[in-house]
Amino acid sequence: MHRIARKILQERLVHQQLHSKGSEITVALSGGVDSAISAWLLKQEGLRVRGVFLRSWGTGDEKEDCAYRDDRLAAQQVAGYLKLDDFQEIDLRPEYWNEVFMPHFVEGYRNGLTPNPDLACNRYIKFGVLLRHAARQTNLLATGHYARCQNGQLFRAFDRDKDQTYFLASVAPDALTRLRFPLGHWTKKDVRALARELGLPNANRASSRGICFVGRRGSITSLLDEFLPTSAAWRAIDVDTGRLLGFVSPYLTLGQRVRLGGLPHAFYVCDKDPQSGVLYVCAGRSNPALFCWGYEVEPFDLWRAWIDREQARSTSDCIRRGLHFQAWYRQTPSPCIVRLCNQAESASPGDAAQTHLEANLQSIQLIQVIVPGSKPSAPVTAPGQAVVLYHNDLCIGGGTVRRLIRELENAPPWLTNCAARSTSLVVKDA
Ligand SMILES: Nc1ncnc2c1ncn2[C@@H]1O[C@H](COP(=O)(O)OP(=O)(O)OP(=O)(O)O)[C@@H](O)[C@H]1O
């Protein structure tokens, strides 16, 4: 056995449950080194491994088609080199277009949001349509994501620097029960070294360009101009003076600096009104018009599943403490308090002093992810983006930001006193 693999297997870092010899699994092969090593590891377990390459994008653009052909060829070469039991390409361009690109990306921007198509892609394409496709032949699907999964629960990867649970938080809990992430206990460094040791044809290939499209176009703005050609510039209005300062791109994000010529200050986006085509801006980064207490979030199913499990042992207390949130991939997690609420409360949250939720927890449609402290602070994310929640290593979902919470006039005692207290949930390591 190869040196690095032996070291890792001997140290029992591959904790995934071993399946009986002869069972089958589908591996999503991107052409990159992570999915290739995942396939190799599964073969070491004695599984029959079928490779599948996914085509999700293509507009006839020569540069894009060229990148797609390179990826497919690399995936095919890996499948041949590892003597996988099968290799297929599946074309999910219509599904990607209809379930991710148009509804999440294009419509999101049209509605003034800052969407994250990668989370939608994982939920609807890789762990939706592709998983259903895989289920026709094998019951399990593996990918080269860095994450750990056990009993339908998602845990951070051993390699914190590569941990991809942020992108997986939107995946349906029942899908998680059929997924394998063979690299959950590996570091990227060891994966790369093993690929070289095995002489894989893609051992030195850069990380895959993924199945998403933006990187290949240069900028989101040029892509959106193509798909939303009628979007006119919006009016930039200074929130403090009500003055019209100029006309700007509608795709600017909350907190982003706005380029407005000939003005003495730097201006930042503090609010967007897609109905009237107005971008509210404020002078300076420390302007209170930018600040918020936290984020109102529409929860992913994974969060609901966590709440359901918790409900069995907890009271109807609507505050959850001892959690951390991440607002983007690789962001250092920050402490937060989560308050469960329903639509009616959300319309007028007041000081959010209510501590008992009358409604059944099942009816929760919104959660408030609040940053502890006595003062509001500058936002770290924007409507449309995902805020992902963690309890230690356990990823408990999170959700899509619907709006910023600006209304808590003074920090209520539960927000300032209880920041450091932890929930009594016992987290089992995967
Ligand atoms: N076009 C594709 N076809 C099949 N599977 C894919 C494709 N793109 C990504 N995947 C799967 O999703 C996983 C994570 O994709 P991501 O785009 O984050 O790539 P990555 O971390 O660079 O991994 P890799 O080195 O395998 O490309 C991949 O390891 C692979 O299993």
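Both counts, for ligands and for their atoms, begin at 1 and track the order of listing. Because the structure is predicted, anything quoted here is derived from the model rather than measured.
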Nitrogen or oxygen of Gly144 less than 3.5 angstrom from that of ligand 1: yes
Greater than 12 external heavy atoms within 6.0 Å of Arg285's CZ: no
Per atom 12 (O) of ligand 1, closest listed option by heavy atom (Lys126, Arg192, Arg205, Lys162): Lys126
Geometric class of the Phe181/Phe127 ring pair [parallel <30°, tilted 30-60°, perpendicular >60°]: perpendicular
Partner of Asp393 by side-chain hydrogen bond (donor to acceptor under 3.5 Å, both in side chains), out of Arg156, Arg160, Gln153: Arg160
Atoms of ligand 1, numbered as shown, that sit under 4.0 Å from any heavy atom of Thr143: 31 (O)
Expected output: side-chain Arg123 to main-chain Ser170 donor-acceptor under 3.5 Å: yes
Where ligand 1 meets Val52 - atom numbers and elements under 4.0 angstrom, heavy-atom basis: 4 (C)
Proximal candidate to atom 1 (N) of ligand 1 [heavy atom criterion; set Val27, Leu141, Val191, Leu54]: Leu54
Ligand 1 contacted by Asp71 (non-hydrogen, < 4.0 Å): no
Nitrogen or oxygen of Val33 less than 3.5 angstrom from that of ligand 1: yes
Proximity of Leu29 to ligand 1 by residue part, where a heavy atom lies under 4.0 Å: backbone
The single option from Thr165, Leu154, Val388 passing side chain to side chain contact (heavy atoms under 4.5 Å, CB included) against Leu302: Leu154
Heavy-atom nearest option to atom 26 (O) of ligand 1, drawn from Ala142, Ser35, Ala147: Ser35
Validation row: Ile367, Leu389 side chains within 4.5 angstrom (heavy atoms): yes
N/O donor-acceptor pair under 3.5 Å between Arg330 side chain and Asp161 backbone: yes
N/O donor-acceptor pair under 3.5 Å between Arg50 side chain and Leu84 backbone: no
Winner among Lys188, His145, Arg72 once heavy atoms are compared against atom 13 (C) of ligand 1: His145
Under 4.0 Å to a heavy atom of Gln164 - the qualifying atoms of ligand 1, by number: 18 (O), 21 (O)
